[in-house]
Structures are given as C-alpha cells and as structure tokens.
Engineer: 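One structure, as structure tokens, below. Some questions next.
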Amino acid sequence: MAATLSTTFTGLTFRNPFLLSSAPPTESESNILRAFEAGWGGVVTKTIGLHPVVNVLGPKTKFLRADVDSPHLSMKKRPAALHSSWNWELISDKTLDWWVPRLGRIKAAFPDRILVASIMAGSGNDTELRHWQELATACQQQGCDALELNLSCPHMDRPDMGSNVGKDKELVSIVTKVVKEVAAIPVWAKLTPSTTDIVLEARGAFLGGADAISSSNTFTSLPLIDPETLEFEVQVDGYVSTGGLGGPAILPLSLAKMSQLTQAFPDRAFSGIGGISTFEHALNYFLIGCGTVQVCTAAMLDHAIGPNVIRELTSGLARFLERHADKGWTTVDDFVGLRRDRIVAQSKIRRPDEKDYRGGYEAEGYAPESPAEAGRHGIGTSG
Ligand SMILES: Cc1cc2nc3c(=O)[nH]c(=O)nc-3n(C[C@H](O)[C@H](O)[C@H](O)COP(=O)(O)O)c2cc1C
C-alpha cells in the first residue's frame with residue numbers, strides 16, 4: 001500500500017494529522033483561510049464565547065529567550081534561542097454572532113479540511129450550561145466538523161470557567177455531557193495541565209461522553225522580573241497576574257501529562273499539544289499514543305499561521321514513512337502508541353549488578369504486607 005499522510009481521528013478524515021491549535025493563528029477568517037492554503041490538515045478556532053471580553057492593555061503575548069552562552073533568560077528581543085511563549089490573552093474578543101457567518105464561509109471554501117470550533121461558557125448554573133449548548137449548536141449548524149471544549153484557559157478569574165472547570169472532574173463531566181446532548185459531531189475536551197492527576201479529569205470527560213482529549217493548554221506561570229528595573233517583564237501599571245507558558249519549554253512537561261493519559265486510556269483518542277515546531281517533536285506525541293497534534297507558539301512566530309512549520313511537519317512525516325517502509329508502515333496509525341508502554345515506574349527500571357530497588361519501601365521499613373499490596377504500589381519483584 002502507498003504511504004499516505006492522511007489519517008482518521010474521532011471518525012473524521014484529516015489530509016494530515018497536523019492542526020493549528022486554538023490561539024491567535026486561528027483568531028480570524030483570513031488567518032484560517034491562509035492556514036488551509038498553507039496545508040494544515042485542520043484548525044481549532046480561537047475559543048468562541050457568547051459575551052464580549054476585554055483584554056488587558058498592551059501586549060497579550062511575549063516570548064522568553066535564552067542566551068546560548070549564558071544562563072540569562074529574558075523577553076528582551078536579541079539573537080537568542082526561544083525558550084517559551086508567555087500569554088495572558090483571554091478567549092476570542094469576537095462573539096458567537098461574529099463567528100457564525102465566518103465559520104460557514106470557511107467551511108464552504110475548504111470543505112475537505114477539518115474545522116474544529118473551540119467553545120467556552122460558564123458552568124455555575126443551568127442557564128450557563130445552556131450557553132454551552134447554544135455555542136455548540138450554532139457552530140455545528142455552520143458545518144464545523146468537531147467541537148473542542150475549552151476547559152483549560154489558565155487566566156479566568158471566575159471559578160466556573162476555563163481551567164477552573166478543568167480542575168474539577170465533576171464539572172468536566174457535566175459540561176461534556178451537556179454539550180454531548182446537542183452535538184451531532186465529535187466533542188474533544190481540552191484539559192488543563194495544572195492539576196495533580198490529569199487522569200481524574202480525563203475520566204470525568206470520558207464519562208461525560210468526550211470523543212477525544214486535547215492536552216496541554218499553557219502551564220500557569222509568571223513573567224520574570226527585570227533585575228535592573230525590578231519590574232515584571234510584562235506588567236500594566238506595575239501589576240501582573242499569572243498567565244500561560246507555551247512553546248519549547250513545555251514540550252517535556254506536556255509529554256509527561258500526555259503519557260499519563262494515553263497509559264490510563266490506551267483505547268481512546270488524544271490530540272497532543274505543547275512545544276511542537278518540527279516533526280521530531282510531533283513524533284514524540286504520536287509514539288506515546290496521540291492520533292493528531294496541534295501547534296500554536298511555533299506558528300505565531302512563523303508568519304502568524306506557520307507556513308514553514310506545516311511544510312516541515314508534512315515533509316518530516318513523509319520522510320519518516322519512507323524510511324520505515326520496510327516495516328510496512330504507510331500511515332501515522334502504524335506507529336501511534338508504539339512507545340506508550342515504555343514509560344514505567346522507577347522500580348521497574350533495571351539496576352546495575354543485580355541490585356534490587358523496591359520503591360524505597362523496605363529500606364524505609366514500609367515493606368508491603370502482601371503480594372497484592374506490592375502490586376498496588378507498583379513494586380518490581382525481579383532483582
Ligand atoms: C496567545 C495565546 C492565546 C491562546 N488562546 C487560547 C484559546 O483561546 N483557547 C485555547 O484552548 N487555547 C489557547 N491557547 C493555548 C494554545 O492553543 C496551546 O494549547 C498552547 O499554547 C500550547 O501549545 P504551544 O506550545 O504550541 O504554544 C493560547 C495560547 C497562546 C500563546
């Protein structure tokens with residue numbers, strides 16, 4: 001069989017498994033049209049809400065850079081390697097009414113590309129839960145192929161919005177279920193990495209009927225303080241609030257979160273996000289069990305919608321399939337999850353010279369009482 005970049009994810013056919021994630025690259029009709037022209041297999045729109053939002057004064061996103069020859073990190077523009085993006089941008093400042101005709105036009109212009117509508121509402125009472133349904137219904141009526149629930153925006157003050165929903169497994173489940181009641185298209189839940197055990201919130205999403213989980217949104221973080229001025233590198237009138245970290249710095253962090261998810265739910269669908277700018281980065285997500293991946297920071301820095309990034313991703317995948325043709329690999333599905341089960345408990349990693357390690361239990365006098373208990377603690381028995 002001839003190799004193909006196309007893949008099926010949550011029942012949808014993608015011409016390639018690479019999407020722009022919900023963020024500035026997908027904040028307008030013109031950006032999304034340009035993204036499809038550039039070759040992205042899908043886009044997730046900037047998150048759409050019912051009510052207008054007002055962003056802070058000044059820049060909403062800055063880029064932190066690292067010197068190659070010193071430990072210096074700063075947002076000041078200079079020739080240095082990208083460390084991360086930092087943002088405190090809210091959801092789309094355009095409301096559903098603005099988006100509706102545009103979603104229809106985008107879908108009509110590119111019927112074969114996957115258009116995912118990211119949506120967000122409050123979840124504090126029945127009226128607000130109905131807002132989720134209103135958003136979902138309007139987007140699917142315009143031909144959107146899937147919905148992504150933003151349960152992960154890290155800068156919402158309200159306790160029943162964004163990552164504050166994503167930190168509450170019951171609310172995650174309720175919101176997902178409410179949307180599923182009206183959705184005729186797949187529903188993806190985008191979870192926050194800012195929780196202790198993301199598997200709990202993922203279980204809530206799947207119980208609510210989610211077809212896939214997207215992870216990660218940005219990680220809660222602060223800009224650094226300039227040692228000269230003693231001011232935060234991003235601030236308004238001297239004040240700052242926590243924002244979200246994206247880009248290269250979060251690739252290993254996001255992979256760790258994702259591996260927890262794919263191991264807990266090996267038969268479910270996952271869309272990997274965080275720190276991707278090349279096929280090598282994306283490959284990590286595929287190998288631990290993601291069927292698609294999404295990109296934000298790298299695209300923002302590449303003509304706003306990542307024409308070079310998508311070229312590198314697709315040619316990288318084509319080259320990779322060619323290199324592994326002898327294994328019979330013809331699509332990304334042939335290697336999704338191939339390294340998922342290589343991530344194990346520390347006690348399962350081989351020690352030199354037959355030395356045994358029991359997760360610290362015996363050494364500290366906490367030897368488990370029974371083999372069953374040993375199993376529960378994930379303690380290796382071979383030495
Ligand atoms: C400026 C900015 C705005 C963002 N807005 C949204 C948003 O509206 N909805 C959402 O789900 N994620 C949003 N994100 C998160 C990204 O979609 C993505 O999950 C995150 O940046 C990690 O990917 P990256 O490392 O490729 O940047 C935003 C990120 C940035 C940098």
Side-chain angles (χ1 to χ4, degrees), residues 18-28 31-32 35 40 42-49 53 55-56 58-64 75 82-95 99 116-121 135 146-156 161-163 165-166 175 188-194 212-221 223 234 242-255 257-258 270-278 281-282 284-285 290 292-302 304-306 309-310 312-313:
F18 306 115
L19 291 89
L20 280 176
S21 71
S22 175
T26 62
E27 70 186 4
S28 66
N31 269 17
I32 296 175
W40 289 94
V43 306
V44 185
T45 67
K46 174 79 189 162
T47 300
I48 306 168
V53 301
N55 275 292
V56 297
K60 291 168 282 175
T61 311
K62 295 276 268 183
F63 299 94
L64 189 62
M75 288 173 170
L82 181 68
H83 173 278
S84 53
S85 61
W86 184 89
N87 90 90
W88 54 356
E89 176 177 289
L90 299 173
I91 63 171
S92 175
D93 52 12
K94 312 285 194 306
T95 58
W99 275 98
V116 184
S118 168
I119 56 173
M120 185 207 270
L135 289 161
L147 300 164
E148 187 178 85
L149 312 182
N150 182 340
L151 308 172
S152 47
C153 177
H155 9 266
M156 311 302 298
M161 263 194 170
S163 61
V165 178
V175 168
W188 307 356
K190 184 166 175 182
L191 295 181
T192 173
S194 302
I213 288 185
S214 312
S215 175
S216 289
N217 204 315
T218 48
F219 285 66
T220 300
S221 59
V234 187
T242 54
L245 201 75
I250 72 164
L251 174 63
L253 302 175
S254 179
L255 285 171
K257 288 283 175 188
M258 185 49 84
F270 294 95
S271 192
I273 320 171
I276 299 171
S277 63
T278 66
H281 300 152
N284 283 273
Y285 286 97
C290 296
T292 59
V293 295
Q294 305 183 26
V295 177
C296 165
T297 298
M300 286 180 79
L301 290 168
D302 173 25
I305 54 102
V309 176
I310 184 60
E312 202 289 324
L313 289 170

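Computation of the quantities below employed the complete heavy-atom set of this structure, encompassing side-chain atoms and omitting hydrogens, waters and symmetry-equivalent molecules. Just so you know, ligand 1 is whichever comes first in the structure, and atom 1 is the first atom listed for that ligand.
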Engineer: Checking T220 against S194: is there a side-chain donor and acceptor pair closer than 3.5 Å?
Structural biologist: yes
Engineer: Looking at atom 6 (C) of ligand 1, what's its closest protein heavy atom, distance included?
Structural biologist: S22 O, 3.0 Å
Engineer: Atom 21 (O) of ligand 1: which of T218, T61, V293, T26 has the nearest heavy atom?
Structural biologist: T218
Engineer: Looking only at non-hydrogen atoms, find the nearest pair between G247 and T297 and report the distance.
Structural biologist: N-OG1, 3.4 Å
Engineer: Could you see which bit of M120 sits under 4.0 Å from ligand 1, with heavy atoms only: side chain, backbone, both or neither?
Structural biologist: neither
Engineer: Record the part of T297 in heavy-atom contact with ligand 1 below 4.0 Å; permitted values are side chain, backbone, both and neither.
Structural biologist: both
Engineer: Record the part of T47 in heavy-atom contact with ligand 1 below 4.0 Å; permitted values are side chain, backbone, both and neither.
Structural biologist: both
Engineer: Given that the side chain starts at C-beta and the backbone is N, CA, C, O, which of these parts of I273 lies under 4.0 Å from ligand 1, counting heavy atoms, or is it both or neither?
Structural biologist: side chain
Engineer: Please list, in number order, the atoms of ligand 1 under 4.0 Å from a heavy atom of P24.
Structural biologist: 1 (C), 2 (C), 3 (C)
Engineer: Could you check whether W99 and S92, counting side-chain N and O atoms only, form a donor-acceptor pair closer than 3.5 Å?
Structural biologist: yes
Engineer: Which ligand 1 atoms are under 4.0 Å away from a heavy-atom of G246?
Structural biologist: 25 (O)
Engineer: Under 3.5 Å, is there a donor-acceptor pair linking the side chains of S271 and S214?
Structural biologist: no
Engineer: Would you say T61 and S85 are linked by a side-chain donor-acceptor pair, where the criterion is simply a distance under 3.5 Å?
Structural biologist: no
Engineer: With a heavy-atom distance limit of 4.0 Å, tell me whether I250 approaches ligand 1 through its side chain, its backbone, both, or neither.
Structural biologist: side chain
